[in-house]
Amino acid sequence: MVSLRDIENRIKSTKKTSQITKAMQMVSASKLTRAEMNAKAFVPYMEKIQEVVGAIASATSDSSHPMLTSRPVKKTGYIVVTSDRGLVGGYNSNIFRKARRAIEERHTSKDEVKIVAIGRKGLEFFERLGYDVSESLIGVSDHPSFDEIKTIANRAVGMFTEGEYDEVYLFYNHFVSAISHEVTEKKLLPLTDFSSASTMASYEFEPSAEAILETLLPQYAESLIYGAVLDGKASEHASSMTAMKTATDNASDLIDSLTLSFNRARQAAITQEITEIVGGVAALE
């Protein structure tokens, strides 16, 4: 039978854990507010640069730029955005599940795959499975600047233009709300989806449309990666906040249950003592 002291110690330790998870929940909620603002503030820029790039690409339909040209696929790159830490609920596992399923459906050999991992969890996961992680970035701040991811984004785009892989897919968690996010798969390269762009074919470009594309296309692809990181950070903080709230609620339920057990055990002990006293008095009479 569990002693009163053991139950009391469990109550104390659970209360301490509850205080920690409650503090972590509040920290994540604070970080989420700014991360959500960053992700939403980046959307207008992304929409505008997509419109401009799409319009220029439409005006130069015969462009031979490698980022606009599809080629036979021998090797595929996957950019996977995850977190560095755990305690974020299903944030990472959902990405791993979708990315792994997509890779296994498209490829028969791991030699056909190159991974660009943004986040420690993604790096560890794909290395453990034996995939070629050609580039990785860990230690991204809670509110990343473009400079933090510029190098790896530039390298990921560069490997495509240099022919190290023939197409690139991006996996990340798209932030919907504080309680909802969606694992998103986006084909990053070659750039083909400009359906929302308006036409500017009647415009004249200076120095030329090709020259403008030469500068804009890498920036656009890198911006897509940066946008995914911002989106992922907002989703990460939301997942962490939700996970810590669930842990706090579970701790409260456990404390209530232990307190009830403690009171019952104490009542039983008191009843037993009274019975023994009464029995002792009766024996003396």
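Residue indices begin at 1 and follow the sequence shown.
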Can you see which heavy atom on [X] is nearest to which on [Y], and at what distance?
| X | Y | value |
| --- | --- | --- |
| Pro144 | Val140 | CB-CG1, 3.6 Å |
| Thr248 | Gln25 | OG1-OE1, 4.0 Å |
| Val157 | Ala221 | CG2-CB, 3.7 Å |
| Thr69 | Phe160 | O-CZ, 4.5 Å |
| His237 | Ser28 | O-CB, 3.7 Å |
| Pro218 | Leu213 | CD-O, 4.0 Å |

Working to the nearest 0.5 Å, report the span between [atom1] of [X] and [atom2] of [Y].
| X | Y | atom1 | atom2 | answer |
| --- | --- | --- | --- | --- |
| Ser261 | Ile7 | OG | CD1 | 5.5 Å |
| Leu254 | Thr14 | CG | OG1 | 4.5 Å |
| Glu167 | Leu188 | CD | CG | 11.0 Å |
| Met241 | Thr246 | CE | OG1 | 10.0 Å |
| Lys187 | Leu224 | NZ | CG | 14.0 Å |
| Thr271 | Arg264 | OG1 | CZ | 13.5 Å |

Test log, rule ring-ring contact (aromatic ring centres under 6.0 Å, His included), inputs Tyr78 and His107:
CA-CA 12 Å; Tyr78 292 88; His107 308 284; 5.8 Å; yes
Less than 4.5 Å apart, any side-chain heavy atom of [X] and any of [Y]?
| X | Y | answer |
| --- | --- | --- |
| Met24 | Val27 | no |
| Leu129 | Arg100 | yes |
| Asp231 | Thr184 | no |
| Met46 | Tyr220 | yes |
| Glu236 | Arg85 | yes |
| Ser240 | Val88 | yes |
| Ser134 | Val116 | yes |
| Tyr165 | Thr76 | no |

For the residue pair Glu222 / Asn154, report whether a side-chain donor-acceptor contact shorter than 3.5 Å exists.
yes
So does [X] have more than 12 non-hydrogen atoms from other groups sitting under 6.0 Å from [atom1]?
| X | atom1 | result |
| --- | --- | --- |
| Lys150 | NZ | no |
| Arg71 | CZ | yes |
| Lys98 | NZ | yes |
| Glu162 | CD | yes |

Heavy-atom donor-acceptor pair, [X] side chain to [Y] backbone, under 3.5 Å:
| X | Y | result |
| --- | --- | --- |
| Ser239 | Ser235 | yes |
| Tyr172 | Leu230 | no |
| Ser93 | Gly90 | yes |

Check the pair Phe126, Ile103 against side-chain contact (heavy atoms from CB on, under 4.5 Å), reporting the backbone distance first and the verdict last.
CA-CA 11 Å; Phe126 286 104; Ile103 292 172; 4.0 Å; yes
Return the orientation label for the Phe42 and Tyr45 ring planes: parallel under 30°, perpendicular over 60°, tilted otherwise.
tilted
Determine whether Leu32 and Tyr91 fall in the same hydrophobic cluster, where Ile, Leu, Val, Met, Phe, Trp and Tyr are linked whenever their side-chain heavy atoms lie under 4.5 Å apart.
no
Using a strict 4.0 Å threshold on nitrogen-to-oxygen distance, state whether [X] and [Y] make a salt bridge.
| X | Y | answer |
| --- | --- | --- |
| Arg155 | Glu164 | yes |
| Asp6 | Arg10 | no |
| Arg106 | Glu185 | yes |

Residues Arg5, Glu8; criterion salt bridge (Lys or Arg N to Asp or Glu O under 4.0 Å); working and verdict:
CA-CA 5 Å; Arg5 184 181 296 276; Glu8 193 173 18; 6.0 Å; no
Candidates Arg120, Lys121, Arg97 - the one meeting side chain to side chain contact (heavy atoms under 4.5 Å, CB included) with Asn92:
Lys121
Using the side-chain contact (heavy atoms from CB on, under 4.5 Å) rule, take Glu105 and Arg101 through it: C-alpha gap first, then chi angles, then the decisive distance, then the call.
CA-CA 6 Å; Glu105 287 175 354; Arg101 185 185 302 121; 3.5 Å; yes
Show your working on side-chain contact (heavy atoms from CB on, under 4.5 Å) between Val81 and Asn173 and close with a plain yes or no.
CA-CA 8 Å; Val81 181; Asn173 269 302; over 6 Å; no
Before you tell me yes or no, could you show the steps for Asp132 and Lys110 under side-chain contact (heavy atoms from CB on, under 4.5 Å), namely the whole-Å CA-CA distance, both residues' side-chain angles and the distance that decides it to 0.1 Å?
CA-CA 8 Å; Asp132 176 15; Lys110 293 180 180 179; over 6 Å; no
